Protein chains: 2
Amino acid sequence: MSTARRSAPRTTTPSPEAGVAATAPRVTKRGLERRDRILEVAAEMFLAHGYDGVSIDDIVKVVGGSKTNVYSHFGGKEGLFAAVVEEMCGDFLDGLQGMEATDPDPAAGLRAIGRALVAVLLEARHVAFQRLVIAESGRFPAMARAWFEAGPQRARAVIARCIAFHQQAGRLRPADPARMATRFHDMIVTNGLYQALLGTPPAAQEREAAIDEAVATLLHGHAA
Amino acid sequence: MSTARRSAPRTTTPSPEAGVAATAPRVTKRGLERRDRILEVAAEMFLAHGYDGVSIDDIVKVVGGSKTNVYSHFGGKEGLFAAVVEEMCGDFLDGLQGMEATDPDPAAGLRAIGRALVAVLLEARHVAFQRLVIAESGRFPAMARAWFEAGPQRARAVIARCIAFHQQAGRLRPADPARMATRFHDMIVTNGLYQALLGTPPAAQEREAAIDEAVATLLHGHAA
DNA sequence: AATATACCATACCGGATGGTATTAAAAGAG
DNA sequence: CTCTTTTAATACCATCCGGTATGGTATATT
């Protein structure tokens with residue numbers, strides 16, 4: 001089912017008398033360190049080789065320690081994978097969150113957000129993450145949903161705030177900022193991400209040009 | 001490796017004296033039918049369960065016949081997969097190819113192309129195909145490249161032709177039609193495809209709205 | 001110090017996988 | 001009809017996988 005995310009990871013001892021909460025698992029510093037190290041290694045290996053491309057034994061071989069420990073922390077391979085993705089989801093866009101639109105020129109603000117966003121999304125690590133999430137979106141639908149909210153949707157929210165700011169200042173025509181943000185986000189991100197997924201990420205110059213075009217299109221269109 | 005795509009599929013008999021082309025494989029009607037049937041079944045199963053989710057035995061169990069035959073036709077699992085994807089690449093956009101822009105209103109032409117394109121790309125079969133290609137783009141880079149050319153690039157070319165037509169009529173400002181087509185294509189396709197990959201494809205009304213917005217943005221922008 | 005728990009190392013299990021070998025039946029070519 | 005090649009059926013191989021069992025060690029709480 002893959003939905004038992006936080007419920008009962010410690011499956012080794014089924015708790016003698018089920019009824020008295022059965023001794024909460026002991027949390028120690030070493031234990032958390034071990035857990036984090038497993039997550040860390042598993043993340044790198046899943047990113048590099050995909051879900052089916054990595055076995056638990058592969059991970060244990062690198063982490064050290066024993067297989068039992070992986071199972072007691074995460075319940076199994078699916079639990080480990082879910083934990084890995086959950087932790088990575090938020091990491092990429094953290095730097096974007098604080099961006100405020102203060103420049104009176106809408107083009108400048110949109111360009112700044114666009115540059116920051118594209119720079120992060122085209123990092124090799126994020127490209128691998130994107131591939132992983134899409135690849136397993138069928139097997140782990142909840143995970144895919146969570147990624148979408150923590151990734152594209154959050155980026156779009158930042159853009160939407162910028163758009164709303166300029167609308168209130170009368171520099172953009174009134175319209176749903178969230179929907180406008182979606183169009184802008186997609187113009188900026190999609191092609192570069194495709195290229196990167198294919199192994200040929202766009203050069204810096206091409207990235208800039210694409211952002212400039214998207215800004216110009218969003219603001220002025222191409223009608224004669 | 002995985003580059004010996006068309007070279008030597010018939011690997012069973014290594015040909016006694018390597019020098020006289022060693023009896024070209026006999027091509028019969030039944031043989032081709034068998035081959036096509038394998039491709040057909042393999043395509044459906046790969047789409048449904050992914051590359052690692054389907055074993056050769058699974059495929060043989062459905063197709064009938066024997067494993068040996070799969071290996072003599074395709075050389076192995078990777079060869080079979082490559083053949084499957086290669087054949088599917090072109091199928092989706094065939095209906096789009098002939099679209100000609102004759103309407104004097106640019107918005108009408110772009111909307112028509114957009115509707116046709118989105119309708120195809122959001123079909124469950126294409127969504128599964130997209131997921132499959134992205135998932136295996138790391139393991140099969142050449143396949144991913146071929147998909148990109150036969151898919152997004154071809155769709156963009158159709159859009160670009162429409163744009164160029166209206167530019168020459170003076171209804172759109174001069175600019176690189178291919179690059180404009182990329183922005184428009186990405187605005188139209190990306191979000192809907194994401195939603196579909198997550199299992200919640202957009203309703204018809206939402207699809208229409210997104211296309212209309214993209215057309216309006218491309219033509220007029222949102223500046224006050 | 002004693003006890004409970006987390007961790008380590010390793011062996012093991014049932015099952016599945018890609019791929020090969022062998023032998024027999026079917027079908028095309030002359 | 002005969003000979004050659006393709007297809008079928010099946011058994012087989014080596015390997016790997018997720019997961020469990022076991023038995024012993026480190027660590028933290030009491």
Side-chain angles (χ1 to χ4, degrees), chain A residues 1-2 4 8-17 20-38 42 45-46 49-82 139, chain B residues 1-2 4 8-16 20-38 41-42 45-46 49-82 139:
Chain A
M1 295 302 183
S2 84
R10 310 283 173 160
T11 51
T12 35
T13 20
S15 79
E17 271 128 2
V20 207
T23 65
R26 182 188 282 167
V27 177
T28 79
K29 189 181 164 197
R30 196 172 102 104
L32 290 179
E33 279 173 4
R34 228 67 199 83
R35 198 189 122 100
D36 283 356
R37 177 90 184 115
I38 293 172
M45 300 186 71
F46 280 138
H49 306 111
Y51 182 78
D52 287 308
V54 178
S55 72
I56 306 253
D57 285 314
D58 289 339
I59 294 170
V60 170
K61 218 173 294 169
V62 175
V63 174
S66 81
K67 221 161 136 174
T68 318
N69 206 19
V70 174
Y71 278 86
S72 66
H73 273 302
F74 302 101
K77 195 184 182 183
E78 297 202 348
L80 174 58
F81 184 73
R139 196 180 342 204
Chain B
M1 308 294 173
S2 83
R10 310 280 174 161
T11 50
T12 35
T13 19
S15 77
V20 208
T23 64
R26 182 191 283 168
V27 178
T28 78
K29 189 182 164 196
R30 197 173 102 104
L32 289 180
E33 278 172 6
R34 227 72 197 83
R35 198 190 121 101
D36 283 356
R37 177 90 183 114
I38 294 171
V41 169
M45 300 186 71
F46 280 138
H49 306 110
Y51 182 78
D52 287 308
V54 178
S55 72
I56 307 251
D57 284 313
D58 289 338
I59 294 170
V60 169
K61 218 173 293 168
V62 175
V63 174
S66 78
K67 227 158 119 172
T68 318
N69 206 17
V70 174
Y71 277 86
S72 65
H73 274 303
F74 302 101
K77 194 184 184 184
E78 297 202 348
L80 174 58
F81 183 73
R139 195 179 342 202

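Source: prediction; values computed, not measured. Lettering of chains follows the sequences in order, A, B, ..., and the numbering in each one begins at 1.
In this structure, B:R34 atom CZ and C:dA27 atom P are separated by 11 Å, rounded to whole Å. Following rounding to the nearest Å, A:R35 (CZ) and C:dT5 (P) show an atom-to-atom distance of 20 Å. Following rounding to the nearest Å, A:N69 (CG) and D:dG18 (C1') show an atom-to-atom distance of 17 Å. Between the CG atom of B:L32 and the P atom of D:dT7 there is a distance of 9 Å, rounded to whole Å. For B:E33 and D:dT7, the CD to P distance is 11 Å, given to the nearest whole Å.
Phosphate proximity of D:dT7 to B:H73: present, with a side-chain N or O under 4.0 Å from OP1 or OP2.
With C:dC7, D:dT7, D:dA21 as the candidates, the nucleotide lying closest to the side chain of A:S72 is C:dC7.
Side chains of A:L80 and A:Y71 form no contact here, defined as non-hydrogen atoms less than 4.5 Å apart. Within the 4.5 Å cutoff, side-chain heavy atoms of A:D58 are placed close to those of A:K61.
Here the CG atom belonging to A:L32 is positioned 8.0 Å from the NE2 atom belonging to A:H73, to the nearest 0.5 angstrom. For the atom pair CD1 of B:I59 and CD1 of B:I38, the computed distance is 9.0 Å after rounding to the nearest 0.5 Å.
Legend: residues meeting salt bridge (charged side-chain N to carboxylate O under 4.0 Å, His left out) with B:D52, ordered by chain and number and at least two apart, are B:R139. Legend: residues meeting side chain to side chain contact (heavy atoms under 4.5 Å, CB included) with A:D57, ordered by chain and number and at least two apart, are A:S55, A:K67.
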Every protein N/O within reach of nucleotides 17-19 of chain C N/O, cut-off under 3.5 Å:
{"from": "C:dG18", "atom 1": "OP1", "to": "B:K77", "atom 2": "NZ", "distance (Å)": "2.6"}
{"from": "C:dG18", "atom 1": "OP2", "to": "B:I56", "atom 2": "N", "distance (Å)": "3.1"}
{"from": "C:dG19", "atom 1": "OP2", "to": "B:Y71", "atom 2": "OH", "distance (Å)": "3.0"}
{"from": "C:dG19", "atom 1": "OP2", "to": "B:K77", "atom 2": "N", "distance (Å)": "3.1"}
{"from": "C:dG19", "atom 1": "O5'", "to": "B:Y71", "atom 2": "OH", "distance (Å)": "3.4"}
{"from": "C:dG19", "atom 1": "N7", "to": "B:K67", "atom 2": "NZ", "distance (Å)": "2.7"}
{"from": "C:dG19", "atom 1": "O6", "to": "B:K67", "atom 2": "NZ", "distance (Å)": "2.5"}

Task: Derivation and outcome, side-chain contact (heavy atoms from CB on, under 4.5 Å), residues A:V63 and A:R34 - done: CA-CA 9 Å; A:V63 174; A:R34 228 67 199 83; 4.0 Å; yes
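Between A:Y51 and A:F81, the two ring planes are perpendicular [angle over 60°; tilted spans 30° to 60°].
Side-chain atoms of A:T68 and base atoms of C:dA6 include no donor and acceptor less than 3.5 Å apart.
Pairing each heavy atom of B:V54 with each of B:K77, the nearest pair is O-NZ, 2.7 Å.
Between its opening and closing five pairs, the helix from C:dA1-D:dT30 to C:dG30-D:dC1 changes axis direction by 20°, a value rounded to 10 degrees.
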